[in-house]
Amino acid sequence: MTEDRLLAGLAALATDAPDGLFDRIAARWVRVPGPVGEVRVAYTDQGIAFVHDGPGFGAAFRARFGRPLLPAERPPAGLLPALRTGRLNGLRLDLRDVSDFQRDVLRAAQTIPRGEVRPYAWIAAQIGRPRAVRAVGTALARNPVPLLIPCHRVTRSDGAVGEYVFGASTKERLLTAEGADLDRVRELAGERVFYLASDTTGVVCFPTCHNARRITPAHRHGFRTLAQARAAGYRPCRVCKPALAA
DNA sequence: CGCATGGCCCTTA
DNA sequence: TTAAGGGCCATGC
């Protein structure tokens with residue numbers, strides 16, 4: 001920051017109400033109902049900063065953000081619907097403390113529609129780091145705002161659901177509640193099928209893509225790899241973009 | 001086909 | 001500064 005900007009900032013502080021200043025430094029927190037039980041949420045004037053379940057909330061927040069934390073009267077506008085519907089709908093997030101890499105990962109995760117899943121490797125490819133698959137897992141594990149950024153929609157390439165901040169079983173409950181057919185995914189994985197194609201459209205998808213779910217059984221073809229699907233004449237779906245995982 | 005293993009890359013201690 | 005390890009993945013029996 002230049003000296004001029006610093007002086008301007010100081011001047012602004014002098015004219016600001018003290019509580020306005022405080023809210024720029026500190027964070028507020030509330031307990032709210034989430035899709036799988038109560039969660040605690042911290043937020044700043046920039047947006048939602050931290051979502052956590054159960055005990056240890058305050059300690060975890062301070063360890064990570066190092067800011068004072070005060071209880072709020074009521075949840076910020078839009079938080080409850082966002083938690084209920086799995087869509088932000090304009091709710092702002094405060095992601096200032098995350099690294100560039102993590103921000104890319106989180107942004108990619110945000111594009112996964114409700115009721116669908118994508119592999120960790122897909123995220124890695126999507127952000128242009130196709131080999132940073134494990135690092136993607138690490139970044140998602142540190143998602144400061146789970147539920148709001150749907151890291152639970154990222155699952156393993158072999159069809160297993162994978163790990164989750166709130167535990168694998170919660171991940172399953174969440175996905176099932178959102179309408180993802182995990183039993184079907186597992187059934188396909190048992191047959192080594194990770195892609196579904198339609199011979200009427202000539203398109204190949206991830207199994208939970210809404211386009212894949214509408215394929216008539218008679219026209220459905222399963223593939224183990226994208227390369228095999230391509231060899232059979234199918235092109236990757238432009239919605240779920242399976243090309244980016246191969 | 002289930003399991004082990006080496007590889008990869010970002011983050012933290 | 002460096003080394004260790006993690007929400008993974010592709011391979012090799």
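Chain A is the first sequence line, chain B the second, and so forth, proteins listed ahead of strands; every chain is numbered from 1.
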To the nearest Å, give me how far apart CD1 (A:Ile127) and P (C:dC8) are. 16 Å
To the nearest angstrom, how far is A:Tyr164 atom OH from C:dG6 atom C1'? 18 Å
Test salt bridge (Lys or Arg N to Asp or Glu O under 4.0 Å) on A:Arg186 and A:Glu172 and set out the steps. CA-CA 12 Å; A:Arg186 276 188 283 258; A:Glu172 290 210 30; 3.6 Å; yes
Classify A:Val136 by what it touches in the nucleic acid, base, sugar-phosphate, or nothing, heavy-atom distance under 4.0 Å. nothing
Can you name the nearest heavy-atom pair linking A:His52 to A:Phe57, along with the distance? CB-CD1, 3.4 Å
Looking at every strand, decide which applies to A:Val154 at a 4.0 Å heavy-atom threshold: base, sugar-phosphate, or nothing. base
Provide the closest heavy-atom pair for A:Ile127 versus A:Asp104 in the form atom of the first, atom of the second, distance. CG2-O, 3.5 Å
Between C:dA10 atom P and A:Leu226 atom CG, what is the distance in whole Å? 12 Å
Judged by atom type as modelled, is there a donor-acceptor pair below 3.5 Å linking the side chain of A:Glu116 to the main-chain atoms of A:His210? yes
Rounded to whole angstroms, how far apart are CD on A:Gln228 and P on C:dA10? 13 Å
Check this for me: does the side-chain of A:Tyr120 come within 3.5 Å of the base of C:dG7 through a donor and an acceptor? yes
Atom pairs, protein N/O to nucleotides 10-13 of chain B N/O, distance under 3.5 Å:
from: B:dC10; atom 1: OP1; to: A:Arg129; atom 2: NH1; distance (Å): 3.3
from: B:dC10; atom 1: OP1; to: A:Arg129; atom 2: NH2; distance (Å): 2.3
from: B:dT11; atom 1: OP1; to: A:Ser99; atom 2: OG; distance (Å): 2.3
from: B:dT12; atom 1: OP1; to: A:Arg142; atom 2: NE; distance (Å): 3.1
from: B:dT12; atom 1: OP1; to: A:Arg142; atom 2: NH2; distance (Å): 3.0

Report all interatomic pairs (protein N or O, nucleotide N or O of nucleotides 2-5 of chain B) with separations under 3.5 Å.
from: B:dG2; atom 1: OP2; to: A:Arg192; atom 2: NH2; distance (Å): 3.3

Atom pair distance, as rounded to whole Å: CG in A:Asp104 and P in B:dC9: 16 Å
Quick check: does any side chain N or O of A:Lys171 sit under 3.5 Å from a backbone N or O of A:Phe166, one acting as donor and the other as acceptor? no
I need the full list of side-chain hydrogen bond (donor to acceptor under 3.5 Å, both in side chains) pairs touching residues 72-89 of chain A, with sequence neighbours left out, sorted by first then second residue. none
So does A:Arg134 reach the base of C:dG7 with its side chain, donor to acceptor, closer than 3.5 Å? no
Between CG of A:Leu175 and P of C:dG7 the distance, given in whole Å, is 17 Å
Which nucleotide, in any strand shown, forms a Watson-Crick or G-U wobble pair with B:dC8, with both distances under 3.5 Å? none
Describe, in one word, how the ring planes of A:Phe50 and A:Phe65 are oriented to each other, choosing from parallel (under 30°), tilted (30 to 60°) and perpendicular (over 60°). perpendicular
Whether A:Arg153 and A:Glu178 form a salt bridge (side-chain N of Lys/Arg under 4.0 Å from carboxylate O of Asp/Glu) is what I want to check. yes
Would you mind telling me which of A:Ile48, A:Leu88, A:Val51, A:Leu93 makes a side-chain contact (heavy atoms from CB on, under 4.5 Å) with A:Ile149? A:Leu93
